Participant: 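The structure follows.
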Amino acid sequence: VLYILDGQWYFLNGVAIQEGLRSDRIMPKMIVVGIDMVDRPYRSKLMDRWDSLIAFVETELISYVDDTYRTSNERVVFGWENNAFLVSELVLKDKSPFSGAIVASGADINPEQLKSLSLKKERYLYIGGSKKDIYTVDLTDKAAELLESNNVSGLRWKYELLNEEEHETLAYASLYRGLKFFYHNY
């Protein structure tokens with residue numbers, strides 16, 4: 001299952017990308033769930049509701065999807081801009097329900113979270129950035145440096161600079177490349 005935050009913008013792209021990759025036998029069939037974030041608060045306001053959003057996704061949404069459809073425990077989550085910060089935190093939780101995450105235009109990694117992270121199963125994190133993304137490139141570079149200096153056992157991660165992309169287009173390229181990274185051995 002692919003969970004897409006900001007589904008109001010990226011759901012259809014997520015469906016199209018997975019259909020294209022699936023038809024090329026790069027990845028399996030996948031359910032795509034778009035989570036509309038129509039009332040997109042800025043990061044400071046989002047952080048006030050962070051815990052309740054994580055709880056909703058982990059306890060209500062995933063359970064509903066798993067109970068309603070035939071699924072596996074293979075879950076990938078995608079976030080762009082403000083939601084990239086949430087997704088990078090969510091996938092690096094010890095008991096994250098996600099086996100992979102794709103973030104674009106932002107990644108915020110807590111060094112303390114990395115030091116205490118103990119993964120029992122392999123997990124994937126793809127980070128897409130661009131030097132043209134003046135809003136988040138510094139944070140994204142810092143996140144990659146933290147990942148590089150804290151070798152977390154079981155975490156497979158990749159940071160790609162897609163410098164031909166701008167802030168607004170980075171989500172599409174990152175979603176495509178992130179799914180290819182996650183399904184590298186399909």
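One-based numbering along the sequence shown. Note that this is a predicted model, so its numbers are computed, not measured.
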Participant: After noting the C-alpha distance and the side-chain angles of E160 and Y126, does the key distance pass the side chain to side chain contact (heavy atoms under 4.5 Å, CB included) rule?
Facilitator: CA-CA 8 Å; E160 274 191 295; Y126 177 87; 2.5 Å; yes
Participant: Apply side chain to side chain contact (heavy atoms under 4.5 Å, CB included) to I26 and Y186, showing your working.
Facilitator: CA-CA 6 Å; I26 293 173; Y186 180 72; 5.8 Å; no
Participant: Should the heavy atoms of other residues, nucleotides or ligands under 6.0 Å from CD of E164 be counted, would the total exceed 12?
Facilitator: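 Atom CD in E164 is packed in, count exceeds 12.
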Participant: Determine the minimum heavy-atom distance between V87 and I102, stating which atoms define it.
Facilitator: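 For V87 versus I102, the nearest heavy atoms are CG1-O, 4.1 Å.
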Participant: Could you check whether any side-chain heavy atom of I35 comes within less than 4.5 Å of a side-chain heavy atom of I4, counting everything from C-beta outward?
Facilitator: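 Contact flag for I35/I4 side chains = no.
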Participant: Decide whether Y69 and I62 are clustered together by the hydrophobic rule: side chain heavy atoms of Ile, Leu, Val, Met, Phe, Trp, Tyr closer than 4.5 Å, transitively.
Facilitator: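 Same hydrophobic cluster.
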Participant: Heavy atoms only: give me the nearest I109-L146 pair and the separation to one decimal.
Facilitator: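 Closest approach of I109 to L146, heavy atoms only: O-CD1, 3.3 Å.
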Participant: Can you tell if the side chain of E89 reaches within under 4.5 Å of the side chain of D108, non-hydrogen atoms only?
Facilitator: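 In short, these two side chains do not touch, never coming nearer than 4.5 Å.
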Participant: Which pairs of donor and acceptor atoms, one on a side chain in residues 152-159, lie under 3.5 Å apart (sequence neighbours left out)?
Facilitator:
from : atom 1 : to   : atom 2 : distance (Å)
R156 : NH1    : H184 : NE2    : 3.3
Y159 : OH     : D141 : OD1    : 2.5

Participant: Does the side chain of T136 reach to within under 4.5 Å of the side chain of L170, using non-hydrogen atoms?
Facilitator: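 T136 vs L170: side chains apart.
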Participant: Rounded to the nearest 0.5 Å, what's the gap from CD1 on I17 to OH on Y172? Could you check?
Facilitator: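 So the gap between those two atoms works out to 9.0 Å.
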Participant: May I ask whether Y135 and L5 are part of the same hydrophobic cluster, defined by side-chain heavy atoms of I, L, V, M, F, W, Y residues being less than 4.5 angstrom apart, directly or through others?
Facilitator: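 Cluster IDs for Y135 and L5 differ.
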Participant: For the pair T169 (side chain) and E166 (backbone), establish whether a donor and an acceptor sit closer than 3.5 Å, ignoring hydrogens and angles.
Facilitator: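 Yes; at least one donor-acceptor contact below 3.5 Å.
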Participant: So do M30 and V15 actually touch side chain to side chain, heavy atoms under 4.5 Å?
Facilitator: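 Not in contact.
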Participant: Could you give the distance from CD (E74) to CG (L2), rounded to the nearest 0.5 Å?
Facilitator: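 That separation rounds to 11.0 Å.
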Participant: Can you give me the closest heavy-atom contact between Q8 and D36, atom names plus distance?
Facilitator: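 Taking every non-hydrogen atom into account, N-OD1, 2.9 Å.
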Participant: What's the verdict on side chain to side chain contact (heavy atoms under 4.5 Å, CB included) for T140 and I127, showing C-alpha distance, side-chain angles and the deciding distance?
Facilitator: CA-CA 8 Å; T140 308; I127 303 170; 3.3 Å; yes
Participant: Between A173 and L162, what is the shortest heavy-atom contact and its length?
Facilitator: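 Nearest pair, atom of A173 first, then L162: CB-CD1, 3.9 Å.
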Participant: Give a yes or no on whether Y176 atom OH has more than 12 heavy-atom contacts from other residues, nucleotides or ligands under 6.0 Å away.
Facilitator: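 Check fails, neighbour count at 12 or below.
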Participant: Between Y3 and F78, does the ring centre distance come in under 6.0 Å?
Facilitator: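 Centroid separation for Y3 and F78: 6.0 Å or greater.
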Participant: Do K131 and D138 meet the salt-bridge criterion of a basic N to acidic O distance under 4.0 Å?
Facilitator: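 Salt bridge absent between D138 and K131.
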Participant: Can you tell me how far OG of S96 sits from CG of D94, rounded to the nearest 0.5 angstrom?
Facilitator: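 Answer rounded to 0.5 Å: 10.0 Å.
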Participant: Starting at CG of D66, measure out to OG1 of T71 and round the result to the nearest 0.5 Å.
Facilitator: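 OG1 of T71 is found 3.5 Å from CG of D66.
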Participant: Do F182 and S99 come within less than 4.5 Å of each other through their side chains, counting heavy atoms only?
Facilitator: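 Answer yes - side chains close enough.
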Participant: Less than 4.5 Å apart, side chain to side chain, heavy atoms only: is that true for H167 and E81?
Facilitator: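 Yes, side chains in contact.
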Participant: Given side chains that start at C-beta, do those of F98 and L90 come closer than 4.5 Å, heavy atoms only?
Facilitator: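 They are in side-chain contact.
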Participant: Would K29 and E19 count as a salt bridge (Lys or Arg N to Asp or Glu O under 4.0 Å) if you check the C-alpha gap in whole Å, the side-chain angles of each, and the deciding distance to 0.1 Å?
Facilitator: CA-CA 8 Å; K29 288 183 179 181; E19 284 287 329; over 6 Å; no
Participant: Taking salt bridge (Lys or Arg N to Asp or Glu O under 4.0 Å) as the definition, give me every residue that meets it alongside E145, ordered by chain and number, with sequence neighbours left out.
Facilitator: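 In terms of salt bridge (Lys or Arg N to Asp or Glu O under 4.0 Å), with neighbours along the sequence ignored, E145 is linked to no residue.
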Participant: Would you say CG of D24 has more than 12 non-hydrogen atoms from neighbouring residues, nucleotides or ligands within 6.0 angstrom?
Facilitator: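 Count over threshold, so yes.
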Participant: Can you name the closest pair of heavy atoms from G128 and S174 and give their distance?
Facilitator: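 In terms of heavy atoms, the two residues are closest at CA-OG, 3.4 Å.
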Participant: So does K132 pair up with E165, basic N to acidic O under 4.0 Å?
Facilitator: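 No, K132 and E165 are not salt-bridged.
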Participant: Under 3.5 Å, is there a donor on one side chain and an acceptor on the other for S105 and D133?
Facilitator: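 Indeed, the side chains of S105 and D133 share at least one donor-acceptor pair under 3.5 Å.
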Participant: So, T68 side chain and V65 main chain: donor-acceptor pair closer than 3.5 Å or not?
Facilitator: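 It does not hold such a pair.
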Participant: With rounding to the nearest 0.5 Å, note down the distance linking CG in L92 to CG in L147.
Facilitator: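 If we round to the nearest 0.5 Å, L92:CG and L147:CG are 7.0 Å apart.
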Participant: Just how far is it from atom CD of E168 to atom OG of S130, taken to the nearest 0.5 Å?
Facilitator: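 So the CD of E168 and the OG of S130 are separated by 10.5 Å.
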Participant: I need the minimum non-hydrogen distance between G106 and A84, along with the two atoms involved.
Facilitator: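 So the minimum-distance heavy-atom pair works out to O-CB, 2.8 Å.
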Participant: Do V103 and F85 touch side chain to side chain, with heavy atoms closer than 4.5 Å?
Facilitator: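 Counting from C-beta outward, V103 and F85 never come under 4.5 Å.
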